[in-house]
Amino acid sequence: MRNRYEEDVLREIFPSKEEEQAVEEMGEKLIAAVASVAGIPAMVTGSVARGTWVKGDKDIDLFMLFPPETEREELRERGLAAGYAVVEMFGGTAGEKYAEHPYLNAVINGFDVDLVPCYQINSTSEMKCAVDRTPFHTRYLKEKITPLRADVLLLKQFCKAGGVYGSDHTTGGLSGYLCELLTLFYGGFTEVLSAAAGFRPQTIIDIEQYYPDKKAVSKLFSEPLIVVDPTDKTRNVAAAVTMTKLAEFTALARGYLTRPSKAYFTAEPQVFFSKEDFTLAVSRRKTAFVSLTFKTPEFVEDTVVPQLKKTEESIAVLLKDAEFSVIRSGFSMGKENSLLLFELQSDTISSFTIREGPPVWNVENSERFTAKYADCGGFAGPWISRGRWYAETARKYTEASALLGDTNALFSAALGKHIRLSLEGGFAVKTGLSVWDEEFSAFFAGYFTKTASSIRKMQATEGDSGDLDAVCDTNACR
(Lines give C-alpha, C1' and ligand atoms only; values in the text may rest on other atoms or scores of the structure.)
Protein backbone atom coordinates (compact mmCIF):
# COMPACT_ATOMS: atom_id res chain seq x y z
CA MET A 1 0.00 0.00 0.00
CA ARG A 2 1.21 3.45 -0.86
CA ASN A 3 -0.21 6.77 0.25
CA ARG A 4 -1.09 9.48 -2.25
CA TYR A 5 2.22 11.28 -1.81
CA GLU A 6 4.20 8.19 -2.71
CA GLU A 7 1.86 7.61 -5.65
CA ASP A 8 2.50 11.12 -6.95
CA VAL A 9 6.25 10.81 -6.47
CA LEU A 10 6.44 7.51 -8.33
CA ARG A 11 4.61 9.01 -11.31
CA GLU A 12 7.23 11.75 -11.38
CA ILE A 13 10.39 9.68 -10.93
CA PHE A 14 9.68 6.44 -12.82
CA PRO A 15 11.50 6.53 -16.17
CA SER A 16 9.27 6.29 -19.22
CA LYS A 17 9.36 3.27 -21.50
CA GLU A 18 11.07 5.47 -24.11
CA GLU A 19 13.78 6.50 -21.61
CA GLU A 20 14.36 2.92 -20.57
CA GLN A 21 14.68 1.80 -24.16
CA ALA A 22 17.09 4.62 -25.00
CA VAL A 23 19.32 3.77 -22.03
CA GLU A 24 19.26 0.06 -22.81
CA GLU A 25 20.15 0.64 -26.45
CA MET A 26 22.99 3.03 -25.52
CA GLY A 27 24.38 0.46 -23.12
CA GLU A 28 24.33 -2.24 -25.80
CA LYS A 29 26.10 0.06 -28.27
CA LEU A 30 28.80 0.88 -25.73
CA ILE A 31 29.39 -2.80 -24.93
CA ALA A 32 29.69 -3.57 -28.65
CA ALA A 33 32.07 -0.62 -29.09
CA VAL A 34 34.41 -1.88 -26.35
CA ALA A 35 34.47 -5.32 -27.96
CA SER A 36 35.26 -3.69 -31.30
CA VAL A 37 38.10 -1.42 -30.18
CA ALA A 38 39.65 -3.55 -27.42
CA GLY A 39 38.51 -7.10 -28.03
CA ILE A 40 37.29 -7.52 -24.43
CA PRO A 41 33.85 -7.87 -22.85
CA ALA A 42 32.15 -5.04 -20.99
CA MET A 43 29.07 -4.67 -18.84
CA VAL A 44 26.79 -1.88 -17.68
CA THR A 45 26.70 -1.67 -13.88
CA GLY A 46 24.99 0.49 -11.28
CA SER A 47 21.41 1.65 -11.09
CA VAL A 48 20.92 1.65 -14.87
CA ALA A 49 21.76 -2.06 -15.07
CA ARG A 50 19.49 -2.85 -12.13
CA GLY A 51 16.60 -0.66 -13.26
CA THR A 52 16.75 1.47 -10.13
CA TRP A 53 17.55 4.82 -11.74
CA VAL A 54 15.40 7.88 -11.33
CA LYS A 55 13.74 9.57 -14.31
CA GLY A 56 15.99 12.16 -15.91
CA ASP A 57 19.24 10.53 -14.79
CA LYS A 58 21.37 9.84 -17.84
CA ASP A 59 24.36 8.21 -16.16
CA ILE A 60 25.82 4.97 -17.50
CA ASP A 61 28.64 3.10 -15.74
CA LEU A 62 30.43 0.90 -18.23
CA PHE A 63 33.01 -1.53 -16.84
CA MET A 64 35.57 -2.88 -19.29
CA LEU A 65 36.57 -6.38 -18.20
CA PHE A 66 40.27 -7.16 -18.70
CA PRO A 67 41.85 -10.61 -18.17
CA PRO A 68 43.17 -11.05 -14.59
CA GLU A 69 46.71 -11.67 -15.83
CA THR A 70 46.87 -8.10 -17.20
CA GLU A 71 49.50 -6.05 -15.38
CA ARG A 72 48.23 -2.98 -13.53
CA GLU A 73 50.14 -0.54 -15.71
CA GLU A 74 48.87 -2.29 -18.82
CA LEU A 75 45.32 -2.17 -17.42
CA ARG A 76 45.68 1.57 -16.92
CA GLU A 77 47.08 2.21 -20.39
CA ARG A 78 44.77 -0.13 -22.30
CA GLY A 79 41.76 0.98 -20.27
CA LEU A 80 42.27 4.65 -21.08
CA ALA A 81 43.07 3.87 -24.70
CA ALA A 82 39.91 1.78 -25.09
CA GLY A 83 37.86 4.47 -23.38
CA TYR A 84 39.14 7.23 -25.64
CA ALA A 85 38.58 5.04 -28.72
CA VAL A 86 34.95 4.44 -27.71
CA VAL A 87 34.39 8.15 -27.09
CA GLU A 88 35.90 9.01 -30.47
CA MET A 89 33.70 6.40 -32.16
CA PHE A 90 30.59 8.22 -30.92
CA GLY A 91 31.98 11.73 -31.35
CA GLY A 92 31.79 12.42 -27.62
CA THR A 93 33.98 14.36 -25.20
CA ALA A 94 35.91 12.97 -22.24
CA GLY A 95 38.15 13.78 -19.31
CA GLU A 96 40.19 11.59 -17.03
CA LYS A 97 39.25 10.95 -13.42
CA TYR A 98 40.99 8.89 -10.80
CA ALA A 99 39.70 6.30 -8.35
CA GLU A 100 42.16 3.51 -7.59
CA HIS A 101 43.36 3.96 -11.16
CA PRO A 102 42.38 6.37 -13.98
CA TYR A 103 39.09 6.09 -15.82
CA LEU A 104 37.20 8.24 -18.31
CA ASN A 105 34.16 10.39 -17.64
CA ALA A 106 32.55 11.13 -21.00
CA VAL A 107 29.52 12.74 -22.57
CA ILE A 108 28.23 10.52 -25.37
CA ASN A 109 24.98 11.22 -27.21
CA GLY A 110 23.70 13.16 -24.22
CA PHE A 111 24.59 10.45 -21.69
CA ASP A 112 27.11 10.89 -18.87
CA VAL A 113 29.26 7.79 -19.26
CA ASP A 114 31.99 6.48 -16.96
CA LEU A 115 34.29 4.04 -18.76
CA VAL A 116 36.07 2.07 -16.05
CA PRO A 117 38.71 -0.63 -16.59
CA CYS A 118 38.66 -3.53 -14.14
CA TYR A 119 39.59 -7.20 -13.91
CA GLN A 120 37.24 -9.99 -14.97
CA ILE A 121 37.33 -12.28 -11.94
CA ASN A 122 35.19 -15.12 -10.63
CA SER A 123 35.04 -14.07 -6.98
CA THR A 124 35.66 -10.94 -4.91
CA SER A 125 38.34 -12.96 -3.11
CA GLU A 126 40.35 -12.58 -6.33
CA MET A 127 40.06 -8.78 -6.42
CA LYS A 128 43.12 -6.84 -7.52
CA CYS A 129 41.54 -3.41 -7.05
CA ALA A 130 38.41 -2.05 -5.39
CA VAL A 131 36.47 -1.45 -8.62
CA ASP A 132 36.61 -5.18 -9.40
CA ARG A 133 33.83 -5.58 -6.82
CA THR A 134 31.29 -3.41 -8.66
CA PRO A 135 30.20 -5.94 -11.32
CA PHE A 136 29.38 -8.37 -8.51
CA HIS A 137 26.98 -5.82 -7.00
CA THR A 138 25.06 -5.72 -10.25
CA ARG A 139 24.97 -9.50 -10.64
CA TYR A 140 23.83 -9.96 -7.04
CA LEU A 141 20.99 -7.45 -7.16
CA LYS A 142 19.80 -7.46 -10.76
CA GLU A 143 17.15 -10.14 -10.35
CA LYS A 144 16.48 -9.77 -6.64
CA ILE A 145 15.69 -6.07 -6.70
CA THR A 146 13.28 -6.02 -9.67
CA PRO A 147 10.10 -6.66 -7.62
CA LEU A 148 11.15 -3.85 -5.27
CA ARG A 149 12.06 -1.30 -7.91
CA ALA A 150 9.39 1.22 -6.93
CA ASP A 151 10.41 0.98 -3.28
CA VAL A 152 14.07 1.62 -4.16
CA LEU A 153 13.13 4.69 -6.20
CA LEU A 154 11.07 6.06 -3.33
CA LEU A 155 13.91 5.50 -0.87
CA LYS A 156 16.46 7.15 -3.15
CA GLN A 157 14.22 10.17 -3.72
CA PHE A 158 13.48 10.36 0.01
CA CYS A 159 17.21 10.36 0.82
CA LYS A 160 18.05 12.87 -1.92
CA ALA A 161 15.37 15.30 -0.77
CA GLY A 162 16.48 14.86 2.84
CA GLY A 163 20.12 15.58 2.09
CA VAL A 164 21.35 12.16 3.19
CA TYR A 165 22.01 10.63 -0.25
CA GLY A 166 25.56 10.27 -1.50
CA SER A 167 28.59 8.44 -0.16
CA ASP A 168 31.05 11.18 -1.10
CA HIS A 169 33.07 12.78 1.69
CA THR A 170 31.10 16.04 1.48
CA THR A 171 27.78 14.27 2.13
CA GLY A 172 28.69 11.19 4.15
CA GLY A 173 25.31 9.66 3.41
CA LEU A 174 23.71 6.59 1.81
CA SER A 175 24.86 5.32 -1.56
CA GLY A 176 22.49 3.98 -4.21
CA TYR A 177 23.76 0.45 -3.62
CA LEU A 178 23.13 0.82 0.12
CA CYS A 179 19.56 2.02 -0.53
CA GLU A 180 18.97 -1.07 -2.66
CA LEU A 181 20.38 -3.44 -0.03
CA LEU A 182 18.28 -1.87 2.72
CA THR A 183 15.16 -2.21 0.58
CA LEU A 184 16.00 -5.82 -0.19
CA PHE A 185 16.70 -6.67 3.44
CA TYR A 186 13.61 -5.05 4.94
CA GLY A 187 11.27 -5.74 2.02
CA GLY A 188 10.03 -2.29 1.02
CA PHE A 189 10.23 1.47 1.39
CA THR A 190 7.94 1.77 4.41
CA GLU A 191 9.65 -1.17 6.05
CA VAL A 192 13.06 0.50 5.64
CA LEU A 193 11.80 3.69 7.27
CA SER A 194 10.18 1.73 10.09
CA ALA A 195 13.52 0.06 10.79
CA ALA A 196 15.52 3.29 10.34
CA ALA A 197 13.30 5.03 12.88
CA GLY A 198 14.81 2.69 15.47
CA PHE A 199 18.41 2.69 14.26
CA ARG A 200 21.11 3.08 16.90
CA PRO A 201 24.86 3.48 16.47
CA GLN A 202 26.45 0.23 15.32
CA THR A 203 23.25 -1.16 13.85
CA ILE A 204 24.29 -4.34 12.02
CA ILE A 205 22.72 -5.75 8.84
CA ASP A 206 24.17 -8.97 7.44
CA ILE A 207 21.95 -10.09 4.54
CA GLU A 208 23.87 -13.26 3.76
CA GLN A 209 24.47 -14.01 7.46
CA TYR A 210 28.21 -14.30 7.08
CA TYR A 211 28.63 -13.60 10.78
CA PRO A 212 26.30 -15.52 13.14
CA ASP A 213 28.00 -13.74 16.04
CA LYS A 214 27.35 -9.99 15.87
CA LYS A 215 30.24 -9.33 18.24
CA ALA A 216 32.56 -10.49 15.48
CA VAL A 217 31.06 -7.86 13.16
CA SER A 218 31.54 -5.12 15.77
CA LYS A 219 35.19 -6.07 16.08
CA LEU A 220 35.66 -5.99 12.31
CA PHE A 221 33.82 -2.72 11.63
CA SER A 222 33.55 0.40 13.79
CA GLU A 223 31.27 2.67 11.72
CA PRO A 224 27.86 3.91 12.99
CA LEU A 225 25.94 1.77 10.46
CA ILE A 226 27.25 -1.64 9.41
CA VAL A 227 25.87 -3.35 6.32
CA VAL A 228 28.01 -6.32 5.36
CA ASP A 229 28.47 -6.43 1.59
CA PRO A 230 26.73 -9.61 0.40
CA THR A 231 29.38 -9.95 -2.32
CA ASP A 232 32.35 -9.34 -0.01
CA LYS A 233 32.10 -10.09 3.71
CA THR A 234 35.18 -7.98 4.48
CA ARG A 235 33.50 -4.74 3.38
CA ASN A 236 30.99 -2.46 5.10
CA VAL A 237 28.74 -0.97 2.41
CA ALA A 238 27.73 1.78 4.86
CA ALA A 239 31.29 2.75 5.81
CA ALA A 240 30.82 6.26 4.39
CA VAL A 241 27.70 7.01 6.47
CA THR A 242 28.61 9.44 9.23
CA MET A 243 26.99 9.52 12.65
CA THR A 244 25.37 12.83 11.72
CA LYS A 245 23.78 11.49 8.53
CA LEU A 246 22.67 8.28 10.21
CA ALA A 247 20.92 10.31 12.91
CA GLU A 248 19.41 12.62 10.30
CA PHE A 249 18.11 9.64 8.32
CA THR A 250 16.56 8.27 11.51
CA ALA A 251 14.91 11.63 12.29
CA LEU A 252 13.60 11.94 8.72
CA ALA A 253 12.13 8.43 8.90
CA ARG A 254 10.40 9.17 12.20
CA GLY A 255 9.01 12.43 10.89
CA TYR A 256 7.61 10.89 7.71
CA LEU A 257 6.06 7.92 9.49
CA THR A 258 4.40 10.25 11.97
CA ARG A 259 3.06 12.64 9.36
CA PRO A 260 3.68 11.77 5.69
CA SER A 261 4.13 14.63 3.27
CA LYS A 262 5.40 15.16 -0.25
CA ALA A 263 7.87 17.61 1.27
CA TYR A 264 9.95 14.58 2.26
CA PHE A 265 10.44 13.80 -1.44
CA THR A 266 10.98 17.37 -2.61
CA ALA A 267 14.49 18.78 -2.81
CA GLU A 268 14.87 22.20 -1.23
CA PRO A 269 16.32 25.02 -3.31
CA GLN A 270 19.81 26.11 -2.32
CA VAL A 271 19.82 29.27 -0.22
CA PHE A 272 22.33 32.06 -0.74
CA PHE A 273 23.22 34.99 1.52
CA SER A 274 23.74 38.53 0.34
CA LYS A 275 26.30 40.72 2.04
CA GLU A 276 23.42 42.42 3.84
CA ASP A 277 22.12 39.06 5.08
CA PHE A 278 25.60 38.22 6.33
CA THR A 279 26.01 41.55 8.11
CA LEU A 280 22.64 41.20 9.82
CA ALA A 281 23.40 37.65 10.96
CA VAL A 282 26.79 38.58 12.39
CA SER A 283 25.40 41.64 14.15
CA ARG A 284 22.56 39.63 15.69
CA ARG A 285 24.87 36.99 17.15
CA LYS A 286 27.24 39.42 18.90
CA THR A 287 30.10 36.95 18.56
CA ALA A 288 33.45 37.20 16.80
CA PHE A 289 34.48 35.60 13.51
CA VAL A 290 37.92 34.83 12.15
CA SER A 291 38.65 33.03 8.90
CA LEU A 292 41.43 31.66 6.75
CA THR A 293 41.08 31.77 2.97
CA PHE A 294 43.50 30.17 0.54
CA LYS A 295 43.68 28.63 -2.91
CA THR A 296 41.78 25.37 -3.25
CA PRO A 297 44.21 22.48 -3.89
CA GLU A 298 43.93 21.07 -7.41
CA PHE A 299 42.61 17.68 -6.37
CA VAL A 300 39.19 16.03 -6.50
CA GLU A 301 36.64 16.84 -3.82
CA ASP A 302 36.94 13.45 -2.12
CA THR A 303 40.63 14.17 -1.55
CA VAL A 304 40.36 17.79 -0.44
CA VAL A 305 37.25 17.68 1.76
CA PRO A 306 38.59 15.23 4.39
CA GLN A 307 41.76 17.34 4.62
CA LEU A 308 39.73 20.52 5.07
CA LYS A 309 37.79 18.83 7.88
CA LYS A 310 40.98 17.66 9.56
CA THR A 311 42.52 21.12 9.26
CA GLU A 312 39.39 22.83 10.62
CA GLU A 313 39.37 20.55 13.68
CA SER A 314 43.11 20.98 14.29
CA ILE A 315 42.97 24.78 14.11
CA ALA A 316 39.96 24.80 16.44
CA VAL A 317 42.11 22.88 18.94
CA LEU A 318 44.93 25.39 18.40
CA LEU A 319 42.57 28.25 19.24
CA LYS A 320 41.19 26.46 22.29
CA ASP A 321 44.68 25.66 23.57
CA ALA A 322 45.43 29.39 23.34
CA GLU A 323 42.26 29.90 25.46
CA PHE A 324 40.02 31.36 22.77
CA SER A 325 36.48 30.08 23.25
CA VAL A 326 35.39 28.41 19.99
CA ILE A 327 31.61 28.23 19.62
CA ARG A 328 31.36 26.69 16.17
CA SER A 329 33.46 26.25 13.06
CA GLY A 330 33.05 25.17 9.47
CA PHE A 331 34.71 24.95 6.08
CA SER A 332 33.85 25.40 2.43
CA MET A 333 35.65 24.19 -0.68
CA GLY A 334 35.15 26.68 -3.50
CA LYS A 335 36.30 26.33 -7.09
CA GLU A 336 38.97 29.00 -6.67
CA ASN A 337 39.41 29.35 -2.93
CA SER A 338 38.61 27.49 0.26
CA LEU A 339 37.46 28.91 3.57
CA LEU A 340 37.95 27.90 7.20
CA LEU A 341 35.59 29.78 9.53
CA PHE A 342 35.76 29.99 13.33
CA GLU A 343 33.13 31.63 15.52
CA LEU A 344 34.46 32.75 18.90
CA GLN A 345 32.99 34.25 22.02
CA SER A 346 35.57 36.98 21.48
CA ASP A 347 38.50 37.34 19.12
CA THR A 348 40.50 39.13 21.82
CA ILE A 349 41.37 37.89 25.31
CA SER A 350 43.19 39.29 28.34
CA SER A 351 46.91 39.98 28.17
CA PHE A 352 47.62 37.46 30.91
CA THR A 353 46.53 34.01 32.05
CA ILE A 354 46.68 32.29 35.43
CA ARG A 355 48.92 29.26 35.76
CA GLU A 356 47.99 26.73 38.41
CA GLY A 357 50.99 25.19 40.15
CA PRO A 358 51.57 22.23 42.48
CA PRO A 359 50.60 21.95 46.16
CA VAL A 360 53.09 23.68 48.45
CA TRP A 361 54.01 20.40 50.17
CA ASN A 362 55.21 18.98 46.85
CA VAL A 363 58.67 20.37 47.43
CA GLU A 364 60.45 19.50 44.19
CA ASN A 365 57.67 20.72 41.88
CA SER A 366 57.11 23.79 44.06
CA GLU A 367 60.70 24.81 43.59
CA ARG A 368 60.47 24.38 39.84
CA PHE A 369 57.26 26.42 39.64
CA THR A 370 58.42 29.30 41.81
CA ALA A 371 61.74 29.47 39.96
CA LYS A 372 60.01 29.50 36.58
CA TYR A 373 57.54 32.24 37.52
CA ALA A 374 59.70 34.26 39.90
CA ASP A 375 59.60 37.11 37.42
CA CYS A 376 56.02 37.45 36.17
CA GLY A 377 56.75 40.44 33.97
CA GLY A 378 54.67 42.86 35.97
CA PHE A 379 51.85 40.44 36.69
CA ALA A 380 50.99 38.90 40.05
CA GLY A 381 52.68 35.86 41.53
CA PRO A 382 53.75 33.44 42.51
CA TRP A 383 51.19 33.26 45.33
CA ILE A 384 49.52 30.58 47.42
CA SER A 385 45.79 29.90 47.54
CA ARG A 386 44.29 26.97 49.43
CA GLY A 387 47.63 25.22 49.60
CA ARG A 388 48.55 25.52 45.89
CA TRP A 389 50.88 27.84 43.95
CA TYR A 390 49.54 30.22 41.30
CA ALA A 391 51.05 32.82 38.99
CA GLU A 392 49.95 35.25 36.30
CA THR A 393 51.87 35.13 33.02
CA ALA A 394 51.73 37.16 29.83
CA ARG A 395 49.96 35.55 26.87
CA LYS A 396 51.78 35.24 23.57
CA TYR A 397 48.56 35.84 21.61
CA THR A 398 45.75 38.13 22.71
CA GLU A 399 44.09 38.25 19.28
CA ALA A 400 42.92 35.20 17.36
CA SER A 401 43.99 36.76 14.08
CA ALA A 402 47.55 37.10 15.39
CA LEU A 403 47.63 33.43 16.34
CA LEU A 404 46.38 32.27 12.94
CA GLY A 405 48.62 34.73 11.15
CA ASP A 406 51.74 33.29 12.82
CA THR A 407 52.89 30.59 10.40
CA ASN A 408 54.99 28.91 13.11
CA ALA A 409 51.90 28.49 15.26
CA LEU A 410 49.57 27.65 12.38
CA PHE A 411 51.84 25.02 10.87
CA SER A 412 52.32 23.39 14.25
CA ALA A 413 48.73 22.15 13.92
CA ALA A 414 47.94 18.82 12.24
CA LEU A 415 46.98 20.13 8.82
CA GLY A 416 45.92 18.13 5.79
CA LYS A 417 48.84 17.52 3.42
CA HIS A 418 47.47 19.41 0.42
CA ILE A 419 45.95 22.13 2.62
CA ARG A 420 49.34 22.76 4.19
CA LEU A 421 50.96 23.11 0.78
CA SER A 422 48.28 25.57 -0.28
CA LEU A 423 48.67 27.59 2.94
CA GLU A 424 52.41 27.70 2.41
CA GLY A 425 51.67 29.41 -0.90
CA GLY A 426 49.81 32.17 0.91
CA PHE A 427 46.62 32.77 2.86
CA ALA A 428 44.52 35.60 4.23
CA VAL A 429 43.30 35.99 7.82
CA LYS A 430 40.07 37.97 8.08
CA THR A 431 37.96 39.01 11.04
CA GLY A 432 34.46 40.28 11.67
CA LEU A 433 32.50 41.55 8.68
CA SER A 434 35.57 41.33 6.45
CA VAL A 435 35.10 37.55 6.53
CA TRP A 436 32.36 38.02 3.93
CA ASP A 437 33.16 36.67 0.47
CA GLU A 438 30.65 36.26 -2.37
CA GLU A 439 32.24 32.94 -3.34
CA PHE A 440 31.00 31.43 -0.07
CA SER A 441 27.49 32.88 -0.14
CA ALA A 442 25.80 29.45 0.01
CA PHE A 443 28.09 28.30 2.81
CA PHE A 444 27.29 31.34 4.95
CA ALA A 445 23.55 30.82 4.35
CA GLY A 446 23.90 27.24 5.53
CA TYR A 447 26.00 28.20 8.53
CA PHE A 448 23.68 30.91 9.85
CA THR A 449 20.38 29.16 9.10
CA LYS A 450 21.57 25.69 10.15
CA THR A 451 18.52 23.51 10.78
CA ALA A 452 18.16 19.74 10.62
CA SER A 453 16.55 18.59 7.39
CA SER A 454 14.01 16.62 9.42
CA ILE A 455 12.85 19.82 11.12
CA ARG A 456 12.52 21.68 7.81
CA LYS A 457 10.49 18.81 6.39
CA MET A 458 8.26 18.76 9.44
CA GLN A 459 7.64 22.48 9.11
CA ALA A 460 6.80 22.04 5.43
CA THR A 461 4.14 19.41 6.20
CA GLU A 462 1.82 22.03 7.68
CA GLY A 463 0.32 22.68 4.25
CA ASP A 464 -0.38 19.03 3.54
CA SER A 465 -3.70 17.42 4.34
CA GLY A 466 -6.05 14.85 2.88
CA ASP A 467 -6.61 11.14 2.54
CA LEU A 468 -3.42 9.12 2.86
CA ASP A 469 -5.04 5.75 2.26
CA ALA A 470 -4.82 5.66 -1.53
CA VAL A 471 -3.30 2.43 -2.80
CA CYS A 472 -0.79 2.21 -5.62
CA ASP A 473 0.96 -0.90 -6.90
CA THR A 474 4.18 -0.84 -8.86
CA ASN A 475 2.59 -1.20 -12.29
CA ALA A 476 -0.10 1.39 -11.67
CA CYS A 477 2.50 3.97 -10.72
CA ARG A 478 4.50 3.63 -13.90
Side-chain angles (χ1 to χ4, degrees), residues 15 17-54 56-146 167 175-177 180 229 231-232 300 302:
K17 290 291 187 183
E18 292 74 20
E19 282 183 293
E20 290 179 339
Q21 184 175 350
V23 169
E24 185 176 345
E25 289 177 355
M26 189 71 242
E28 291 173 352
K29 289 178 182 178
L30 290 168
I31 290 171
V34 171
S36 173
V37 302
I40 58 171
M43 67 178 290
V44 175
T45 66
S47 59
V48 163
R50 301 190 286 268
T52 55
W53 54 288
V54 174
D57 287 351
K58 304 197 77 175
D59 301 340
I60 297 178
D61 297 330
L62 189 76
F63 276 59
M64 300 177 288
L65 308 171
F66 285 83
E69 61 269 17
T70 307
E71 295 293 334
R72 286 293 291 271
E73 183 61 24
E74 183 184 357
L75 178 79
R76 187 188 75 81
E77 293 177 357
R78 289 182 60 192
L80 288 176
Y84 277 119
V86 170
V87 174
E88 184 178 356
M89 182 181 293
F90 289 95
T93 59
E96 293 181 21
K97 288 191 173 183
Y98 194 90
E100 194 168 343
H101 52 242
Y103 66 96
L104 285 191
N105 174 246
V107 177
I108 298 175
N109 294 355
F111 290 91
D112 188 321
V113 182
D114 283 340
L115 297 117
V116 185
C118 72
Y119 289 104
Q120 186 175 28
I121 55 178
N122 297 316
S123 166
T124 53
S125 63
E126 301 172 9
M127 285 194 315
K128 294 188 174 184
C129 53
V131 294
D132 294 346
R133 188 189 292 112
T134 303
F136 289 89
H137 294 168
T138 296
R139 297 185 189 110
Y140 179 83
L141 276 174
K142 194 168 184 178
E143 300 302 325
K144 294 182 176 70
I145 207 67
T146 299
S167 57
S175 67
Y177 180 50
E180 293 169 19
D229 193 331
T231 73
D232 180 1
V300 296
D302 271 5

Over 12 foreign heavy atoms within 6.0 Å of CD, E69: yes

Would you kindly check if the NZ (Lys) or CZ (Arg) of R133 is within the cone defined by 45 degrees around the ring axis of F136 and under 6.0 Å from the six-membered ring centre? no

Nearest 0.5 angstrom please: D61 CG to S47 OG, how far? 7.0 Å

Does NZ or CZ of K144 fall inside the cone over Y140's six-membered ring, less than 6.0 Å from its centre and within 45° of the axis? yes

Nearest 0.5 Å, what's the CD-CG distance between E96 and L80? 4.5 Å

Separation of K58 NZ from W53 CH2 (nearest 0.5 Å): 8.5 Å

Heavy-atom count check: over 12 atoms from other residues, nucleotides or ligands less than 6.0 Å from E77 CD? yes

Flag side-chain contact, heavy atom, 4.5 Å: T134 against T45: yes

With a 4.5 Å heavy-atom cut-off, do L104 and K97 have their side chains touching? no

The residue among V34, L62, V113 that forms side chain to side chain contact (heavy atoms under 4.5 Å, CB included) with V86 is V34

What's the shortest heavy-atom distance between I121 and P68, and which atoms? CG2-CB, 4.5 Å

Nearest heavy atoms of S36 and M89, plus distance in Å: OG-CE, 4.2 Å

Is the shortest side-chain heavy-atom distance between D114 and Y103 below 4.5 Å? yes

Tested for side chain to side chain donor-acceptor pair (under 3.5 Å) against Q21, the lone hit among E19, E25, K17 is E25

Closer than 3.5 angstrom, by distance alone: can the side chain of T146 be matched with the main-chain N or O of K142 as a donor-acceptor pair? yes

Looking at every non-hydrogen atom in both residues, tell me the closest pair between P117 and L115 and how far apart they are. CD-O, 3.8 Å

Quick check for you: to the nearest 0.5 Å, what is the distance between L141 atom CG and T52 atom OG1? 8.0 Å

Would H137 and R50 satisfy side chain to side chain contact (heavy atoms under 4.5 Å, CB included), going step by step from the backbone distance to the final call? CA-CA 10 Å; H137 294 168; R50 301 190 286 268; 4.1 Å; yes

So do the side chains of I108 and V87 get within less than 4.5 Å of each other, counting heavy atoms only? yes

Over all atoms of both residues, closest heavy-atom pair of R78 and A38: NH2-O, 3.9 Å

Any chance CD of E73 has more than 12 other-residue heavy atoms, nucleotides or ligands included, within less than 6.0 Å? yes

At what distance, to the nearest 0.5 angstrom, does CD1 of I145 lie from OG1 of T138? 12.0 Å

Do Q120 and F66 come close enough that some side-chain heavy atom pair is under 4.5 Å? no

Do E24 and V48 have side chains that approach each other closer than 4.5 Å (heavy atoms only, starting at C-beta)? no

Heavy-atom side-chain proximity of L30 to F90 below 4.5 angstrom: yes

Looking only at heavy atoms, the pair that brings C118 and V131 closest together is CB-CG2, 3.9 Å

Residues passing the side chain to side chain donor-acceptor pair (under 3.5 Å) test with T231, sequence neighbours excluded, are D229

Pair M26-V23, side chain to side chain contact (heavy atoms under 4.5 Å, CB included): steps then yes or no: CA-CA 5 Å; M26 189 71 242; V23 169; 5.8 Å; no

Rounding to 0.5 Å, atoms CG (D59) and CZ (F111) come to a distance of 10.0 Å

Does the side chain of E180 reach to within under 4.5 Å of the side chain of S175, using non-hydrogen atoms? no

Looking only at heavy atoms, the pair that brings Y119 and C129 closest together is CD1-SG, 4.2 Å

Test item: E126 side-chain N/O and N122 main-chain N/O as donor-acceptor pair under 3.5 Å: yes

